[in-house]
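Bear in mind the structure is a predicted one, so any value in this text is a computation, not a measurement. Throughout, protein chains are lettered first and strands after them, A, B, ... in sequence-line order, and every chain is numbered starting at 1.
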Amino acid sequence: MSSPLQRRLVDREDSLGRIAAQLVGVKRRLNLLAAQRMAFGTLGLLLGAGGALVIAAFFLSTTHFLMLGLLLVVLLAVSLPVTVARSIRQFAALHRAAAIADERANLNSRLSTLLAVAQTEGKHHLWPFLVEDTVSHIGDFEPNRIEPRRVSRSIYGFAAACLIASLAGLMTYSARRHQEALRRVLKNLTLEVDPSEIVPFDSPSGQGAELEGDPNTLRSLAERLEAANRSSTHANRGAFNQLSQKAQHFASSLQDRLTGRDLGETPEKVKLRLAQALGDNPPQDNNSAQGDASNNGTNSQSGQAGFGSNKGASPDGQPNQPQQEAHNDMGAGEPGNQMPPSDLPSSRSFEPNGPQGPGAGNTPMAGQQQGSSDEAGGQSAGDGSDPSHLMGPPDAPSHNNENFEIMIDARLSDKSPIASAQPYVPPKVKTDLNPYQHPDEPLDRGTVPAADRDTIRRVFER
Amino acid sequence: MSTALNEIPSVSDFARTFRRIQGEIHKVIVGHEQAVEELLIALFAGGHVLIEGVPGTGKTMLVKALGQALNLSFSRIQFTVDLMPADITGTRVIVSGEDGRREFRFTPGPVFCHILLADEINRATPKTQSALLEAMAELQVTVSGTTYPLQPPFFVMATLNPIEMEGTYPLPEAQLDRFFFKVRLNYPEQSELVRIISSTTGPESQAIQPVFEAAEAAGRIEALKHLVREVIVAPEIEQYAARLIRATVPEKSKFIVNKEGLARDEAVNRYVSFGSSPRGGQALMLGAKVCALLDGRANASYEDIERVAYPALGHRLTLNYAAEADGIDPAHLVQKVLKSVRDLRGH
């Protein structure tokens with residue numbers, strides 16, 4: 001794109017033509033750099049911001065990620081137009097190229113003056129002198145001297161942005177590979193589970209466990225929960241909060257997408273197999289194996305004691321009956337013989353209030369579990385939960401069968417390879433375990449609430 | 001003179017002549033290089049100079065040396081309180097003719113010369129001071145209704161003594177504005193002082209050699225002045241000079257209609273009552289042209305404008321009481337103005 005003046009000057013073969021040709025070279029060099037500045041600047045900004053966002057997705061929580069994203073959007077919205085406008089301003093017409101050459105070559109406005117009065121060159125007495133004087137300085141304003149660089153310095157910023165983007169791409173690639181590998185594994189996931197590790201969902205030792213306490217405390221807790229729910233519901237009504245939630249959701253999904261956590265569906269079914277059922281050990285070895293572990297002291301014969309890990313009670317693999325008796329003694333709540341709760345894992349399973357001692361049985365459940373009846377004897381792990389009283393005699397333990405398999409609902413938990421990922425907290429299931437039962441009072445099967453029957457059955461079937 | 005005008009000297013002639021005059025003056029004036037250069041710039045630009053300096057710094061000597069170097073007629077008027085305008089311009093006196101008849105005849109005053117030294121001009125009354133106005137601005141003198149032209153080149157150099165202010169009459173702004181440059185003669189430095197002492201107390205003194213022949217001096221100088229006006233100025237440079245002048249005018253000035261381009265510097269708005277007149281712009285541009293020729297160029301540049309900014313604008317800024325109280329020097333404000341408009345250069 002050249003002006004008529006430029007064409008007219010360059011076509012000349014005299015001194016003025018030489019000057020104009022050289023000036024056009026300066027102009028081209030300046031415009032080349034301006035174009036590079038615009039390209040590198042805008043691309044660098046976009047790449048850098050994008051890379052930073054991807055990297056941030058790996059390390060920041062959703063809220064911080066959202067805030068950083070907003071900040072980057074604002075920065076881009078400001079800096080992109082500024083960069084483009086500045087680059088456009090740096091595009092030089094012939095007059096501006098002359099002014100720049102004047103300044104950089106210390107020509108004292110010779111070129112600017114020459115161009116300015118080129119239209120009316122005949123009017124000035126000193127015009128020939130000006131032209132010849134400028135020609136004598138023609139070596140001072142060669143394009144290479146006015147602008148030695150052929151590549152704009154903005155390439156450094158662009159390279160830095162590329163580095164950031166590459167790093168982000170690398171991280172995304174490796175995270176996606178990891179996720180895909182995990183997905184392949186999870187598709188046919190079979191976990192070997194020791195029976196002793198299976199605890200009821202509402203066990204006090206597990207998450208989402210049933211809370212127990214005196215009625216006043218529970219009532220107070222229930223009121224607080226209700227109040228908190230009310231305030232939360234009220235707060236959620238605001239438009240800002242809705243917008244905030246939407247933004248959080250969007251940021252979360254974007255974060256998942258960037259970190260590859262969105263790959264496929266998380267398998268919801270995980271196949272679990274009992275480790276002992278898969279082994280080649282004959283059935284008679286089961287007990288000794290369990291005893292060796294002591295481990296966990298799983299008593300397959302006592303059914304309900306299957307969860308009562310008699311740790312330390314039979315370290316040498318002795319038959320479990322005496323241990324159970326000893327345990328029953330403790331379960332009877334004899335103060336003199338009571339072992340510390342830490343030494344009694346079984347009390348953790350079956351006596352949620354065990355550490356509180358026998359007198360702590362304020363709830364019906366607690367009272368029921370610490371029943372000290374002699375008849376209950378070897379089943380003192382909890383007379384009140386004796387399935388023979390609740391639902392009749394228990395079925396034969398199914399895990400003695402070969403190829404025992406159970407299907408359970410499962411979701412990914414916070415064992416994510418990505419430290420910044422939000423931990424998955426499973427929903428709490430609150431199942432009342434028959435609050436109407438009094439100590440030592442067997443309940444008819446029919447009085448157990450229907451919702452609890454499955455739970456209880458599931459627990460004791462293990 | 002017309003012959004000399006027809007032969008316009010070249011740029012290199014101008015620079016050579018200028019340097020030669022400078023060299024002759026420095027035979028007797030030790031130091032004051034910048035003051036001498038500014039004096040000569042004003043001379044070739046066709047202006048007049050106000051010289052400010054403490055007693056004994058060589059003001060009168062400088063003017064005398066210039067007159068001798070240029071080989072032009074030279075007059076000196078010592079301004080006093082009782083000096084009358086007629087003592088400057090001349091007056092009509094009654095003379096007896098050959099036939100015995102008496103008639104009024106104009107007797108030219110000391111103003112009829114090429115170089116006039118108005119020594120301690122602030123000691124004369126304003127009426128007398130203003131007698132110089134017409135001569136300085138229009139190169140003519142009107143006495144009793146009759147106008148008498150002055151012979152070019154006419155160059156007034158007035159001196160001001162800044163320390164003896166009692167019984168003096170500060171020059172009105174209108175008269176100050178008519179001086180192209182205000183040149184300051186500072187105290188000499190140590191080495192200069194040694195040279196002054198040794199050169200003025202010895203048996204021999206340096207004699208100034210006239211640069212021009214007496215007959216052609218005026219013509220040559222006029223030709224050089226004409227060359228100055230031939231210097232080419234790009235529109236951007238003119239814009240820059242105009243912006244510089246506008247930037248000396250405070251925003252609060254009531255003589256402003258359009259406030260675009262007025263003083264952007266806070267110090268100017270705070271300390272300046274009245275900015276430079278358009279004469280300041282003329283002085284800037286003509287001074288820049290002389291500087292360009294001195295540099296061997298046929299075009300004026302931004303640097304030339306800035307080089308003459310202080311002597312051209314310093315005395316044209318009317319400062320207020322706040323500036324006086326704060327001891328603000330006009331040079332400081334000119335620097336501020338230059339800084340404020342520097343980013344408005346061509347690109």
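For chain A, the nearby part of Glu303(B) is the side chain; its heavy atoms alone come within less than 4.5 Å. Neither the backbone nor the side chain of Ala292(B) comes within less than 4.5 Å of any heavy atom of chain A.
Atom NZ of Lys225(B) is surrounded by more than 12 heavy atoms from other residues, nucleotides or ligands within 6.0 Å. With a 6.0 Å radius and a threshold of 12 heavy atoms from other residues, nucleotides or ligands, Gln140(B) has its CD atom above the threshold. Counting non-hydrogen atoms of other residues, nucleotides and ligands closer than 6.0 Å to CZ of Arg86(A) gives a total of 12 or fewer.
In this structure, the side chain to side chain donor-acceptor pair (under 3.5 Å) partners of Asp102(A), at least two apart in sequence or on a different chain, are Ser112(A). The side chain to side chain donor-acceptor pair (under 3.5 Å) test applied to Asn186(B) returns no partner, not counting sequence neighbours. By the ring-ring contact (aromatic ring centres under 6.0 Å, His included) test, Phe181(B) is found to be paired with no residue, residues two or more places apart in sequence or in another chain being considered.
A donor-acceptor pair under 3.5 Å links the side-chain atoms of Asn299(B) to the main chain of Ser109(A), judged by distance alone.
Residues of residues 129-163 of chain A that come closer than 4.5 Å to chain B, counting heavy atoms only, are Phe129(A), Leu130(A), Asp133(A), ordered by residue number.
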Stepwise side chain to side chain contact (heavy atoms under 4.5 Å, CB included) test for Leu227(B) and Leu126(A): CA-CA 9 Å; Leu227(B) 180 69; Leu126(A) 290 178; 4.0 Å; yes
